[in-house]
Amino acid sequence: TRPTTADIRRDFLEFFAGRGHTIVPSAPLVPGNDPTLLFTNSGMVQFKDVFLGAEKRSYVRAADVQRCLRAGGKHNDLDQVGYTARHHTFFEMLGNWSFGDYFKRDAIAWAWELLTGVWKIPAERLVVTVYHTDDEAHAIWRDVVGVPEDRIIRIGDNKGAPFASDNFWQMADTGPCGPCTEIFYDHGAHHFGGPPGSPDEDGDRFIEIWNLVFMQFDRQPDGRLEPLPAPCVDTGMGLERVAAVLQGVHGNYEIDLFQALIAEAARLTGTSDLDNKSLRVIADHIRACSFLVADGVLPSNEGRGYVLRRIIRRALRHGWMLGVRQPFFHRLVATLDAQMGEAYPVLRDQRALVERALLAEEERFAETLDSGMRIFDEVAARSDAASSGVIPGADAFRLYDTYGFPLDLTADMARERGMEVDTAGFDAAMAQQRETARAAGKFGGGTTLPAELVARMQPTAFLGYDHVQAGGLEVVA
Ligand code: ATP
Ligand code: MG
Ligand code: MG
Ligand code: MG
């Protein structure tokens with residue numbers, strides 16, 4: 001029998017617990033220790049200060065299942081969702097950690113043992129990469145693990161600037177960093193894509209499942225690499241990707257957890273084709289949006305709240321494309337809770353709040369979605385007729401300003417038609433409106449902006465802040 005995602009979480013934690021690792025709970029999506037970071041985008045975020053030597057823990061080995069979001073900031077996979085088999089906005093990262101304890105040899109050997117020994121993935125389906133100068137990791141793969149040399153790929157030299165390559169990891173422009181080794185699964189020649197390092201590496205044939213980072217350095221603001229007090233290991237394996245491998249399917253959306261969400265989304269939207277891309281996007285986005293709200297973010301017009309609003313509105317537009325004209329998105333939370341509530345009690349605890357926040361945003365966007373879609377169609381038809389391939393910035397701005405279509409939503413709609421948005425024109429229209437508003441303020445003596453505009457710029461306060469505080473949540477503006 002094939003392991004469920006729940007089995008895989010458990011197997012992973014048991015494997016590393018059996019090797020002296022302390023099991024640590026997932027941190028929230030809103031980082032508690034780093035105001036510069038929009039979202040927790042990998043497992044290491046909650047351990048950042050430990051790697052820097054600024055914080056001590058009672059353990060030197062840890063393992064966890066970390067909820068992650070890559071929908072803003074340096075890591076943004078929002079535009080990949082629905083287009084690749086392997087990218088989500090929200091996903092779960094299985095990680096094991098050494099804080100100055102074991103290093104490359106154990107990390108590599110254990111990863112291999114779990115994949116090929118415990119989970120019985122055929123070794124010949126796996127390909128590994130090392131950083132081009134990391135002879136140590138290369139030798140471990142070849143001599144300790146026994147991977148044939150032609151399936152150990154050095155990444156770096158063939159990609160131009162070594163530090164622009166995938167195999168040197170850094171969390172940000174400064175901070176902990178070091179060489180990586182990555183493990184890829186070959187889904188077979190009937191899928192498009194080449195091995196890592198090849199020109200077609202972005203295809204979905206060879207899918208990266210596990211990334212092992214050997215943190216040796218702390219990059220300084222001037223770019224210098226200072227050695228860390230004690231080298232550390234940071235690994236991250238995508239739960240959904242390894243589930244696809246272990247469940248014998250190609251894409252993440254085919255795994256048990258996603259199939260449940262997709263089936264429910266299909267039911268709620270009356271869609272019969274379960275492979276419909278919109279269903280996948282909706283299934284992805286309900287996870288991101290629900291966990292964001294559960295972790296204290298509410299839709300608003302700036303910062304994290306605006307990322308949330310943008311993701312919700314993208315999902316609602318996909319629902320609209322499937323013919324839905326009633327609120328439906330919040331109704332998926334029940335299925336999500338059934339799938340993930342046990343692993344993430346915060347979701348279960350906050351479920352009522354999540355449903356209400358999503359419903360309120362659905363009702364709000366419903367006021368303008370339909371008209372906005374009509375206007376977009378007209379504009380796109382005009383651009384088509386003129387063969388310009390461009391949605392004019394002024395139109396994108398009108399959609400944004402009057403109909404609540406975030407720029408990236410309009411850009412995504414344009415992309416589906418093989419068009420682009422004139423973003424410079426959008427920025428110009430925005431700047432001009434600000435200028436007009438400012439001038440009106442100057443001459444109007446006091447009122448700077450029309451009340452309607454002010455209202456739209458406020459964070460959405462539909463639940464009342466008291467309620468939110470009662471739930472123990474933080475409102476992020
Ligand atoms: P890719 O090259 O496929 O975009 P990555 O190198 O950006 O992945 P890492 O930052 O190394 O990913 O993250 C560690 C692991 O997390 C990856 O090996 C992968 O299994 C998983 N992962 C990364 N991004 C995503 C995503 N957007 N959706 C699902 N899983 C992901
Ligand atoms: Mg990536
Ligand atoms: Mg990668
Ligand atoms: Mg990687």
Side-chain angles (χ1 to χ4, degrees), residues 37-45 47 51 66-97 104 107-108 111-112 115 126-132 134 137-138 141 151-172 175-187 191-216 232-242 244-245 251-253 284 288 307:
L37 188 64
L38 209 49
F39 301 114
T40 298
N41 54 31
S42 70
M44 70 78 60
V45 170
F47 300 116
F51 290 120
Q66 176 64 53
R67 55 186 182 274
C68 296
L69 190 74
R70 295 194 174 178
K74 182 174 168 255
H75 285 286
N76 189 348
D77 289 336
L78 186 53
D79 285 329
Q80 316 288 336
V81 173
Y83 292 91
T84 72
R86 66 189 198 279
H87 288 105
H88 304 298
T89 52
F90 173 98
F91 64 100
E92 296 173 72
M93 200 184 279
L94 308 167
N96 59 288
W97 315 87
K104 296 182 187 180
I108 289 175
W112 194 257
L115 294 177
L126 299 173
V127 168
V128 304
T129 67
V130 296
Y131 185 57
H132 67 126
D134 194 352
H138 190 278
W141 280 119
R151 288 217 305 280
I152 311 172
I153 301 168
R154 289 182 190 262
I155 298 285
D157 341 49
N158 49 358
K159 281 197 157 186
F163 295 134
S165 89
D166 270 346
N167 267 10
F168 193 89
W169 186 90
Q170 48 193 75
M171 193 185 72
C177 59
C180 306
T181 184
E182 297 184 314
I183 304 172
F184 287 72
Y185 180 81
D186 180 1
H187 281 270
H191 295 289
F192 170 78
S198 76
D200 294 332
E201 68 172 359
D202 276 339
D204 277 328
R205 175 179 166 182
F206 293 86
I207 293 187
E208 176 189 330
I209 51 176
W210 204 342
N211 196 1
L212 282 54
V213 182
F214 304 121
M215 275 189 213
Q216 296 174 270
C232 296
V233 173
D234 153 10
T235 89
M237 171 158 57
L239 172 66
E240 301 81 0
R241 294 186 189 186
V242 76
V245 171
N252 291 4
Y253 293 97
D284 174 88
V307 176

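Since this is a predicted model, take the numbers as computed values, not measurements. Whatever order the structure lists ligands and atoms in, that order sets their numbers, starting from 1.
Partners of Glu92 by salt bridge (charged side-chain N to carboxylate O under 4.0 Å, His left out), not counting sequence neighbours, listed by chain and number: Arg9, Arg287.
Aromatic rings of Phe168 and His132 (six-membered ring for Trp) have centroids beyond the 6.0 Å cut-off, not under it.
Here the side chains of Met93 and Ser42 are in contact, with some heavy-atom distance below 4.5 Å. Taking 4.5 Å as the limit, some side-chain heavy atom of Val245 sits within range of a side-chain heavy atom of His187.
Atoms of the protein (N, O or S only) found under 2.8 Å from the Mg ion (ligand 3) are Glu208 OE1.
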For Arg205 and Asp186, run side chain to side chain contact (heavy atoms under 4.5 Å, CB included): C-alpha distance rounded to whole Å, both residues' side-chain angles, the deciding distance at 0.1 Å, then the answer. CA-CA 6 Å; Arg205 175 179 166 182; Asp186 180 1; 2.8 Å; yes
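Side-chain contact of Asp204 with Thr84: a donor-acceptor pair under 3.5 Å is absent, judged by distance alone.
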